[in-house]
Every structure is written in C-alpha cells, then in structure tokens.
Participant: 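Sharing a structure below in structure tokens format, with a few things to ask.
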Amino acid sequence: MERTLILVKPDGVQRGLIGEIVGRFEQRGLKLVGMKFLQMSEELAGRHYAVHQGKPFYHGLVEYITSGPVVAMVWEGNHAVAAARATMGATKPVEAAPGTIRGDLGMEIGRNLVHGSDSPENGVKEVSLFFHENELVAWQRATDGWIIE
Ligand code: DAT
Ligand code: MG
C-alpha cells in the first residue's frame, strides 16, 4: 500500500488551519496511519529538503519550515502520493486550482501551507525521516468497503 508524508507547515498551524487541512485528506478517502506535532530542527529540515540544497530559495525554505511547529502525517491508500498531490494543488498557490488546499487557502509559494511527497519512493524515504515503523498504526477502517472497490 502506498504511503505519503504530509506536513501541515508552520503557516497552516499558526493560521489555525490544521483541522481544515487534515479534513481534506480525511474526506478524500486516504487513511491516516501516523501523526505527530513537532518543531523541525535545522538538521531534519536539511535532510527533508536535501534535493533543494544550493537553490536560491533554500535558506528561506529552511527558515520557514523550522519557524514553528508542524503536523507530520502519514496517509495511506492506492495512489496515495498522486491523490494527496492533487488535493494539495500546485506549488504556487496562485496557480493552484480552486478546490485544492493551496488554491483555496494560500497566496504565496513561500507560504504554501502543506508538503506532500512527490513519488512513492520519496514517500517511503520521507516517512522514515519523521516516523519509526512502530509509530505507524495498522488498523481496519470501518468505511473501507465504501471507499475502496
Ligand atoms: P512542492 O512543495 O509542491 O513539492 P517543491 O518540492 O518543488 O514543491 O519545492 C519545495 C518547496 O520549496 C515548495 O513547497 C516551496 C519552495 N519553493 C519551490 N520552488 C520555489 C521557488 N522557485 N521560489 C521559492 N520557493 C520555492
Ligand atoms: Mg516537493
């Protein structure tokens, strides 16, 4: 089963949008298997955003993601990565479609509210940065038969 790491970024937490953002993934039909509230260290931010090291926006990105607490979650499902990316919307909120998290709630690329893994492989890697396997919960969701064919 595919897994994606989702973060409610510090702006989402500060703006009181945790419930709104979690609700989007929950209502979509993805299954929550892990969740924690933490403030990211510079070290964790560096590992999480390693692919962006050296880019002009890297310093600001690390400053932003470490500026306050985040909610880290693992959501599971068929095509979980693609489903979550579609629910998030485009990286630049002004280009994100209405109905998406970024398109409904955001204005700027540097305050785009949410992170989601961009491939199943990165999903596995990113989940392991934030969670030990024993922090993830295998559970039977009562509504599975109405969401999964
Ligand atoms: P996404 O978060 O949609 O996966 P990404 O992985 O390309 O986007 O970039 C990670 C974050 O870095 C993104 O959410 C916002 C920031 N970012 C990306 N490109 C940027 C740019 N050109 N200028 C400023 N910030 C940028
Ligand atoms: Mg990305």
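Index from 1, following the sequence. Note: hydrogens, waters and symmetry copies are ignored here, and every other heavy atom, side chains too, is used. Indexing begins at 1, ligand by ligand and atom by atom, following the structure's order. Note that the structure is a prediction, hence the values are computed from the model and not measured.
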Participant: I need the minimum non-hydrogen distance between Gly103 and Ala96, along with the two atoms involved.
Facilitator: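 Gly103 and Ala96 have their closest heavy atoms at N-CB, 3.4 Å.
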Participant: Where is the tightest heavy-atom contact between Val127 and Arg3, given as atom of each residue plus distance?
Facilitator: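 Scanning both residues completely, I find the closest heavy atoms to be CG2-CB, 4.5 Å.
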Participant: Would Glu20 and Leu113 count as a side chain to side chain contact (heavy atoms under 4.5 Å, CB included) here? Give the steps.
Facilitator: CA-CA 11 Å; Glu20 170 74 33; Leu113 293 157; over 6 Å; no
Participant: Report the C-alpha separation of Asn122 and Val51 in whole Å, then their side-chain angles, then the decisive distance to 0.1 Å, and conclude whether the side chain to side chain contact (heavy atoms under 4.5 Å, CB included) test is met.
Facilitator: CA-CA 11 Å; Asn122 284 336; Val51 293; over 6 Å; no
Participant: Quick one: are Val71 and Lys36 in side-chain contact, heavy atoms under 4.5 Å?
Facilitator: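 Contact flag for Val71/Lys36 side chains = no.
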Participant: Enumerate, one pair per line, all nitrogen or oxygen atoms of ligand 1 lying under 3.5 Å from a protein nitrogen or oxygen, stating the separation to 0.1 Å; write 'none' if no such pair exists.
Facilitator:
from, atom 1, to, atom 2, distance (Å)
ligand 1, 2 (O), Arg102, NH2, 3.2
ligand 1, 3 (O), Arg85, NH2, 3.2
ligand 1, 3 (O), Thr91, OG1, 2.5
ligand 1, 3 (O), Arg102, NH1, 3.1
ligand 1, 4 (O), Arg85, NH1, 2.7
ligand 1, 4 (O), Arg85, NH2, 3.3
ligand 1, 6 (O), His52, NE2, 3.1
ligand 1, 8 (O), Thr91, OG1, 3.4
ligand 1, 9 (O), His52, NE2, 3.3
ligand 1, 14 (O), Lys9, NZ, 3.1
ligand 1, 14 (O), Asn112, ND2, 2.8

Participant: Checking side-chain hydrogen bond (donor to acceptor under 3.5 Å, both in side chains) between Thr87 and each of Gln27, Arg24, Arg28, which is the one that passes?
Facilitator: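 Filter result, single survivor: Arg28.
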